[in-house]
Colleague: 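I am attaching a structure below and will ask some questions about it afterwards.
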Amino acid sequence: MAEEYAVQVAVDVPLFGTFSYLTHLPLRAGQRVRVPFGPRRVCGFITNDIPTEGIETGRLKRVEELFDELPPLPATLLAMVRFAADYYHHPIGQTLFTALPGALRTDRAVRLEDERLWQLTGAGLAEEPPARQKARRALWQALQDGPLTNAAARGVSAQAGRILADWLQEGRAERVAPEALPLRVAPAPSLNDEQQRALEALSETRDDFAPYVLHGITGSGKTEVYLRLIERVLAAGRQVLLLVPEINLTPQLIERFTGRFPATRVVMLHSHLADGERLKGWVDAWQGRAGIVIGTRLAVFTPLPRLGLIVVDEEHDGSFKQQDGLRYHARDLAVWRARQERVPIVLGSATPSLETMANVAAGRYRRLTLSRRAHDAARLPTIRLVDTRRIKLVEGLAEPVIAALKARVARGEMSLVFINRRGFAPVVACTDCGWLSGCPRCSAKLVVHLAERKMRCHHCGWEEAVPPVCPDCGNVDLKPLGQGTQRLEAALARLLPEARLLRIDRDTTRHKAAWDEVYRKVHAGEVDVLVGTQMLAKGHDFGALSLVTVLNADGGLYSADYRAAERLFAQLMQVAGRAGRAEAPGEVLVQTQWPEHPLYQALLRHDFDGYAQTLLEERRMAGFPPAVYQALLRADAYEIATATAFLTALRAEAEPHADGVLVSGPAPALMVRLANRERAQLVFESGSRAALHALLERLVSLAERMAKAHGRALRWSLDVDPQEM
Ligand code: ADP
Ligand code: ZN
Ligand code: ZN
C-alpha cells in the first residue's frame with residue numbers, strides 16, 4: 001500500500017477549527033487543494049500535517065487535487081491569519097479566506113502570466129536587425145526604451161514569442177527579474193525643516209519594529225514625507241505597504257507615487273478590482289516584483305517577502321475597520337504585522353484617533369509633528385462660530401452664512417458647504433440649562449425614540465419615558481439634538497440661484513468616472529459651491545477654497561454614541577483644513593447653538609491636542625475605550641424579543657466566568673432596525689485584554705451551542721474593539 005499522510009485543511013465555512021484529510025503526497029502548510037466537504041467540492045489550504053498514528057484513517061476523505069500554480073502561502077501570512085482568527089474569535093478558515101484574493105478562493109486552478117522581463121544583451125544591442133525584418137526591427141526598437149514583459153512584447157509584434165526565444169538562444173536577449181531594475185526617482189521639492197526632521201527621525205530605525213505617528217495638519221506635507229521615506233526603503237531593496245482609506249485611493253494619489261518612482265512597480269489592491277487583476281497584483285507583491293503596494297484595508301494581508309516599511313495614512317479613518325464577517329481593524333493588524341516582521345510603521349493623520357493618542361501618551365508610539373502647511377504662503381483659516389440661538393434662520397441657514405456664500409459667488413471664489421449627515425444617535429437636551437438625557441445606571445446617554453416617546457440606553461438596556469419638562473429646570477422646550485438635515489440642500493439651491501452647485505455624496509465617490517468628473521470640474525473652475533457630506537472631510541485636494549461653512553454639527557456634541565464627539569472634531573478639523581488659498585487665508589463659519597462647547601472652543605484655537613486630552617479624560621472617567629477594552633456580541637432576528645431572549649440566556653451562562661469583565665445588556669442597538677431585522681447586543685468591557693479574551697473564547701462556543709435553541713432566524717456575531725455601537 002502507498003504511503004499515507006494526514007493533513008489539516010482550512011476551508012471557508014463558519015465552523016471553528018480545521019478538518020482532517022488523507023493524501024498520498026506529503027503536503028506542506030500553505031498549499032492550495034481541492035477537498036470534498038459534505039456534498040460539495042471546495043477549495044482549502046493545508047494548515048499542517050498531523051501524525052497518522054492514533055487516528056482512524058479509514059474514515060477520512062482524501063485530498064482530491066493539489067493546485068501548484070503558486071508556491072505554498074508564506075508562513076508570515078499564515079501566522080497573521082492565525083493571530084487574527086484568535087484575536088477576533090473568528091473561524092480560522094473564514095479568516096484565511098478573507099485574507100486572500102477571490103481567485104484563490106475557488107476550487108479551480110488559476111493561470112498566471114510569466115512576469116519576467118525581456119531585455120537586450122550587449123550583443124543584442126550592438127546588432128540592429130535589417131529593415132526588411134519588420135517584426136524583429138520593431139521589437140528591437142521597442143527594447144531600446146527598456147525591458148518588456150511577455151505581454152508587452154506581444155503587443156509590439158504577434159511573433160514576439162518566437163523571436164525572443166531565438167534571441168535568447170543566440171545570446172542577444174535575456175530575462176530579468178523586475179525587482180532587479182534600478183530605482184529611478186523623479187525630482188521632488190526640497191523638504192522644509194519640519195519635514196526634514198520628521199524624515200530623519202523616521203529613518204532612524206531599520207530592520208526593527210518602531211511605531212511612529214506622523215501628526216500633520218492637512219496640507220502639511222505628510223505624503224511628501226512618506227515619499228522620501230519610501231525612496232530610502234526602496235533604495236535598500238525593500239518593499240513598502242501603504243494603507244489608505246477606501247475613499248482616498250484616487251488616481252491622483254496613484255499618479256503621485258508612480259510619477260515619483262517611474263521604474264518601480266506600484267500595485268493597487270482594493271475590493272473593486274476584477275478577480276484576475278487583484279490576483280495579479282497580489283502575486284506581484286508576493287513574488288517581490290512590486291516595490292509598493294497601495295491598498296485599502298484588505299491589503300494588510302498582502303504577502304511581501306522583502307517588507308521594509310508600513311504606512312497607514314489617515315489612520316483614524318473608520319473604513320479601516322471591516323463591519324461584517326471578520327471584523328478586523330487593518331490599522332491594528334498592520335501594527336501587529338510590523339512588530340512581527342520587525343519593520344517600522346508610520347501612522348499618519350491630521351487627527352489621530354484617540355486610541356493612537358493614548359498610545360502616544362503612554363510612550364508606546366513616537367509622535368512627529370508637522371505644524372505648518374508645506375506651501376509657505378498658505379496659512380491656517382480663521383474660524384468663526386455663528387450663534388444660531390440669537391439669529392433667525394432662513395430654512396436652516398443663518399443670514400451671515402448666506403451673505404458670506406453670496407459674496408464668494410459674486411467674487412468668483414469657490415466655497416464648500418459641509419452638511420453633516422452622519423446618523424448621530426439623538427439625545428434629548430434642555431436648551432436652557434444644558435440638561436442631557438443620561439442613563440441612571442451607566443455612563444452612556446439615552447437615545448430618544450420620539451415615535452414611542454421613549455428613551456433607551458444602548459449600553460445597559462435601561463428604558464424610560466421622555467420627560468414632559470426638563471427635570472432640572474422645568475423648561476418645557478426639550479428637543480432632540482442633531483436633527484433635520486434634509487431641507488438644507490434644497491434651500492441652498494433656492495437661496496443661491498446664481499451659483500453653480502455641485503453635490504458630492506457616496507454615489508459620486510463610488511464610481512471612478514463620476515469622481516474624475518467632479519475633480520475635473522472643480523479644478524477647471526466650473527463650480528461655485530461644493531455641497532457635501534463627510535466625504536468632503538477626507539484628504540482630497542480641492543485646490544483653493546475660500547470659504548467653508550458647517551451647517552449642522554451640533555448633533556455630534558452630545559450623542560448617545562460616545563465616539564460622536566471624536567468623529568465630529570476630526571471632521572471639522574479636516575474640513576477646516578480645506579479652506580485657504582495661496583494668497584489669502586480661508587474662512588470657516590460654523591453654525592451652532594452651543595458656541596461655548598469645549599469642542600468648538602478647541603476648534604477655534606486649532607487645538608487638536610487639547611481637545612484630544614479632554615476626550616481621553618472623559619473616556620477614562622466614563623470607562624469607555626481606549627481606557628478599557630470592549631467587545632460586543634450582537635444578535636439579530638425578525639423580532640427584538642428573540643434576540644433579547646438569546647442574549648439574556650447567553651449572559652446568564654457567561655457571567656459566572658466573567659472574571660474582571662463587566663457585562664452589560666442586553667440592550668437594543670443604536671440602530672435597532674436594519675434591513676428588516678431587529679438588533680440587540682451585550683457589551684463586554686475590561687481593563688485587561690487577557691481577561692476579556694478568556695471570556696470571549698468561552699462566550700463564542702456558548703453562543704454557537706445556544707443559538708440553535710432560539711430559532712433559525714437568529715443570527716449572532718462578535719465584534720472585538722467595535723467602532724460602532
Ligand atoms: P498632506 O499629505 O499632509 O496633506 P502633501 O504631502 O500632499 O500634504 O502636501 C500638500 C501640498 O504641498 C502638495 O501639493 C505637495 O506637493 C506640496 N508640498 C509638500 N511638501 C512640500 C515642500 N517641501 N515644498 C513644496 N511643496 C510641498
Ligand atoms: Zn433645563
Ligand atoms: Zn445605561
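Indexing begins at 1, ligand by ligand and atom by atom, following the structure's order. Numbering of residues begins at 1 and proceeds along the displayed sequence. The shown structure was predicted, so the numbers you read here are calculated from the model rather than taken from an experiment.
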Colleague: Heavy-atom contacts under 4.0 Å between Gln196 and ligand 1: side chain, backbone, both, or neither?
Modeller: neither
Colleague: Under 4.0 Å between a Lys/Arg side-chain N and an Asp/Glu carboxylate O for Glu596 and Arg389?
Modeller: yes
Colleague: At less than 4.0 angstrom from any non-hydrogen atom of Lys222, what atoms of ligand 1 do you find?
Modeller: 1 (P), 2 (O), 3 (O), 6 (O), 8 (O)
Colleague: When you draw lines from the Zn ion (ligand 3) to SG of Cys439 and to SG of Cys460, what angle lies between them, to the nearest 10°?
Modeller: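 Rounded to 10°, it measures 100°.
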Colleague: Can you check whether Glu526 reaches Arg520 side chain to side chain, under 4.5 Å on heavy atoms?
Modeller: yes
Colleague: Under a 4.0 Å N-O cut-off, is there an ion pair linking Lys454 with Glu463?
Modeller: yes
Colleague: Just heavy atoms, cut-off under 4.0 Å: does Gln195 contact ligand 1 by side chain, backbone, both, or neither?
Modeller: side chain
Colleague: For Lys321, is there an ion pair with Asp332 - N to carboxylate O distance below 4.0 angstrom?
Modeller: no
Colleague: Quick one: do Arg367 and Asp609 make a salt bridge, cutoff under 4.0 Å?
Modeller: yes
Colleague: Which of the numbered atoms in ligand 1 are below 4.0 angstrom from a heavy atom of Leu191?
Modeller: 23 (N)
Colleague: Do Pro189 and ligand 1 have an N or O pair less than 3.5 Å apart?
Modeller: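 Min N/O separation from ligand 1 is not below 3.5 Å for Pro189.
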Colleague: Is it the case that atom CE in Met573 sees more than 12 heavy atoms from other parts of the structure closer than 6.0 Å?
Modeller: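 Yes, enclosed.
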Colleague: Just jot down the ligand 1 atoms closer than 4.0 angstrom to any heavy atom of Ser190, in number order.
Modeller: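 Counting atoms of ligand 1 from 1, those under 4.0 Å from Ser190 are 22 (C), 23 (N), 24 (N).
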Colleague: Short list, please: which atoms of ligand 1 are under 4.0 Å from a heavy atom of Ser220?
Modeller: 3 (O), 8 (O)
Colleague: In this structure, does ligand 1 have an atom that sits under 4.0 Å from one of the heavy atoms of Arg256?
Modeller: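 Within the 4.0 Å threshold, so yes.
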Colleague: Can you tell me the angle formed at the Zn ion (ligand 2) by SG of Cys473 and SG of Cys430, to 10°?
Modeller: 110°
Colleague: In terms of side-chain geometry, is the basic nitrogen of Asp313 or Lys222 positioned less than 4.0 Å from the acidic oxygen of its partner?
Modeller: no
Colleague: Check the angle between the aromatic planes of Phe608 and Phe569 and answer parallel, tilted or perpendicular using the 30° and 60° thresholds.
Modeller: parallel
Colleague: Suppose I only count heavy atoms of Asn192 and a 4.0 Å limit; which atoms of ligand 1 are within that range?
Modeller: 23 (N)
Colleague: Under a 4.0 Å threshold between the charged nitrogen and the carboxylate oxygen, would Glu200 count as salt-bridged to Arg197?
Modeller: no
Colleague: Could you tell me whether the Zn ion (ligand 3) has an N, O or S atom of Cys457 under 2.8 Å away?
Modeller: yes
Colleague: With rounding to 10 degrees, what does the angle Cys433:SG / the Zn ion (ligand 2) / Cys470:SG come to?
Modeller: 110°
